[in-house]
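Working notes, structure below.
In this text, all values refer to a predicted model and were calculated from it rather than measured experimentally.
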Amino acid sequence: MTPPHQDDDERWMRLALELAAQGQGRVEPNPMVGCVLVKDDTCIGRGYHQSFGGPHAEVNALRSLDGSSDAAGATAYVTLEPCCHHGKTPPCSEALIQSGVARVVVAMRDPFPKVDGGGIRQLRAAGIDVTLDVLKEDAETLLAPYLKRVQTGIPWVIAKWAMTADGRIATVSRQSQWISGPESRRRVHRLRGRVDAIVAGMGTVQADDPMLNARPTADDGTDVTPPRIAKRVVLCRRRLPSRQSKLIQTGTVIPTWLIASPRVDRAELAALRQLGAVVFELDCDESQAMVRQMLALLGDQGMTNVMIEGGAELLGGFWDPPSGDCLVDEFHVYIGAKLFGGVSAPGPIAGEGLGPIELATKLTLHRVDRFANDVRLVYRRVE
């Protein structure tokens, strides 16, 4: 027997989830949240959390009500448990109580310690009917980066690379521009524009002298302002960027962070700091240990999404061959319509590689997109 409200609840919650996704890149480290107000099977209000520090989804939904609409007796569909504490904004649980809604449907409980069931308890104590876990898995998928950071203190890690149809990221002579087409590259800049940090290794910095910034464009080719400006992070195990590199020369405009092992030149590191680079010194020089310390550091800095932009050696540091442990959560793989061939042509992940196939990192296909003759595969790691 179908539980009461189930079909309608899922229909309206899907709309709330669609609204929540519009905040991506603008609300972090807060979660993306959407809210829909329904009365007599009609949507009378809707809203989502639009920017960090701004009103939350529930408040925006209540403010969207027109002069003839009233939330009294309505049902509120919210993708995450309403907050119940004073932060940058007042508690959303109180706003819902004061609005007179009769019922609140929540996709999932918020594990953030200052909420964690408190919002639900406040609503129920006020006599409001609360239904939990409607489209919970969908909400967990949308909020995976937020949930990881709250529960572990570590940001969500996104690895991106472009490779040919035969799995090469460069020719045998190390040429790589361009494997993918212009639309694929435009999508990469969109991704850069919503993350907190873009991480590269010194091999990429020395070979390409990249800017590592987001330069998104609209469909008509005009420049657009990205939702956020990512920190440019360089993992420096043995070498440091040149003082003349674009990263250092523009470090006072776009932040450049150097994550340095004890093996780098200390005098040169101090000189780069004087030029505006932000320096974090680690106490280790082994690749995966450095990666782990870097991710913990970025989490301490309040980062939710971190993007790895290369190269293959850096990516290799996110795997532990003996155990098969992988520190990447999401993979954006662009496959260009080209073939390079060559045994020595590099692939996307260097390092020792895995031995037994049983240790292979298991993935689930999250989405597939086609851009002209390119294909983008988005995978998420299976826990």
Side-chain angles (χ1 to χ4, degrees), residues 20-33 48-57 79-92 108-116 118-119 139-140 142-160 190-200 212-214 225-235 247 251-260 273 276-283 290-309 318 327-330:
Q22 295 181 40
Q24 188 177 58
R26 302 182 186 277
V27 303
E28 292 84 358
N30 284 355
M32 295 175 280
V33 182
Y48 67 96
H49 187 25
Q50 299 180 17
S51 61
F52 178 71
H56 289 186
T79 57
L80 186 67
E81 176 184 1
C83 65
C84 55
H85 66 288
H86 283 269
K88 291 184 177 296
T89 61
C92 293
M108 65 172 294
R109 182 167 167 165
D110 187 350
F112 184 59
K114 290 184 178 181
V115 184
D116 199 17
E140 288 175 334
L142 178 69
L143 292 172
Y146 166 77
L147 296 173
K148 181 187 178 187
R149 184 181 58 77
V150 168
Q151 293 168 338
T152 69
I154 303 298
W156 185 260
V157 180
I158 303 169
K160 164 263 162 187
R190 286 189 187 179
L191 175 59
R192 286 182 176 185
R194 68 169 179 82
V195 300
D196 298 299
I198 299 169
V199 184
L212 293 182
N213 64 332
T225 302
R228 64 204 307 115
I229 305 299
K231 305 292 191 299
R232 297 157 331 160
V233 179
V234 184
L235 198 63
L247 293 175
T252 56
V253 180
I254 305 173
T256 298
W257 290 9
L258 306 180
I259 313 295
R273 181 186 274 121
V278 178
V279 173
F280 296 90
E281 300 185 48
L282 305 183
D283 60 10
M290 288 185 66
V291 166
R292 289 183 181 277
Q293 284 196 17
M294 175 187 70
L295 292 178
L297 186 155
L298 298 182
D300 289 342
Q301 297 296 315
M303 295 189 180
T304 302
N305 292 284
V306 171
M307 177 183 179
I308 310 168
E309 268 278 16
F318 284 77
L327 301 177
V328 179
D329 302 291
E330 185 171 305

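Shown are Asp329, Leu327, Leu298; of these, the side-chain contact (heavy atoms from CB on, under 4.5 Å) with Val157 is made only by Asp329. If you run side-chain contact (heavy atoms from CB on, under 4.5 Å) between Asp110 and each of Val33, Asp116, Val115, only Val115 comes through.
Side chain to side chain, Thr256 and Arg232 meet the donor-acceptor criterion of an N or O pair below 3.5 Å. Looking only at atom types and distance, the side chain of Gln301 has no donor-acceptor partner in the side chain of Asp196 under 3.5 Å away. Side-chain contact annotation: Asn305 with Tyr146, donor-acceptor N/O pair under 3.5 Å absent.
No side-chain heavy atom of Val199 sits less than 4.5 Å from a side-chain heavy atom of Met307. Between Ile259 and Val233, some side-chain heavy-atom pair lies under the 4.5 Å cut-off. A 4.5 Å side-chain heavy-atom check between Met303 and Val195 finds every atom pair outside the cut-off. In this structure the side chain of Trp156 never reaches within 4.5 angstrom of the side chain of Val306, judged on heavy atoms. Annotation: side chain of Val234 is in contact with side chain of Leu247 (closest heavy-atom distance under 4.5 Å). The side-chain heavy atoms of Pro29 and Thr304, taken from C-beta on, include a pair separated by under 4.5 Å. In this structure, Gln151 and Pro111 have side chains that are in contact, with non-hydrogen atoms separated by less than 4.5 Å.
Contact between Ile154 and Lys148 at its shortest, heavy atoms only, is O-CG, 3.6 Å. Nearest heavy atom pair, residue Pro227 against residue Gly193, reads CD-O, 3.0 Å. Closest non-hydrogen pair, Ile254 versus Ala230, comes out as CG2-O, 3.9 Å. In terms of heavy-atom proximity, Met32 sits nearest to Leu143 at O-CD2, 3.2 Å. Nearest heavy atoms, Thr252 versus Gly276: CG2-CA, 4.4 Å. Heavy-atom minimum distance, Asn30 versus Gly53: ND2-N, 4.4 Å.
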Quiz item: Run the side chain to side chain contact (heavy atoms under 4.5 Å, CB included) check on Phe318 and Ile308 step by step: do they pass?
Solution: CA-CA 10 Å; Phe318 284 77; Ile308 310 168; 3.5 Å; yes

Practice problem: Tell me, with the steps shown, if Arg26 and Gln50 meet side chain to side chain contact (heavy atoms under 4.5 Å, CB included). | Solution: CA-CA 7 Å; Arg26 302 182 186 277; Gln50 299 180 17; over 6 Å; no

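Note on Arg194 versus Glu28: no salt bridge recorded, every NZ/NE/NH1/NH2 to OD/OE distance being 4.0 Å or above. Comment: Arg273 engages Glu281 in a salt bridge, judged by a side-chain N to carboxylate O separation of less than 4.0 angstrom.
Judged as a side-chain hydrogen bond (donor to acceptor under 3.5 Å, both in side chains), and not counting sequence neighbours, Lys231 has no contacts.
Within the model, atoms CZ of Arg228 and CD of Gln24 stand 10.5 Å from one another, a figure rounded to the nearest 0.5 Å. Taking NZ from Lys114 and SG from Cys83, the interatomic distance works out to 11.0 Å, rounded to the nearest 0.5 Å. To the nearest 0.5 Å, atoms CG (Leu80) and NE2 (His56) are separated by 10.5 Å.
At distances below 3.5 Å, at least one donor-acceptor pair connects side-chain atoms of Glu81 with backbone N or O atoms of Gly118.
Among residue pairs with one or both ends in residues 300-309, those qualifying as salt bridge (charged side-chain N to carboxylate O under 4.0 Å, His left out) are Lys160-Glu309, Arg192-Glu309; sequence neighbours excluded.
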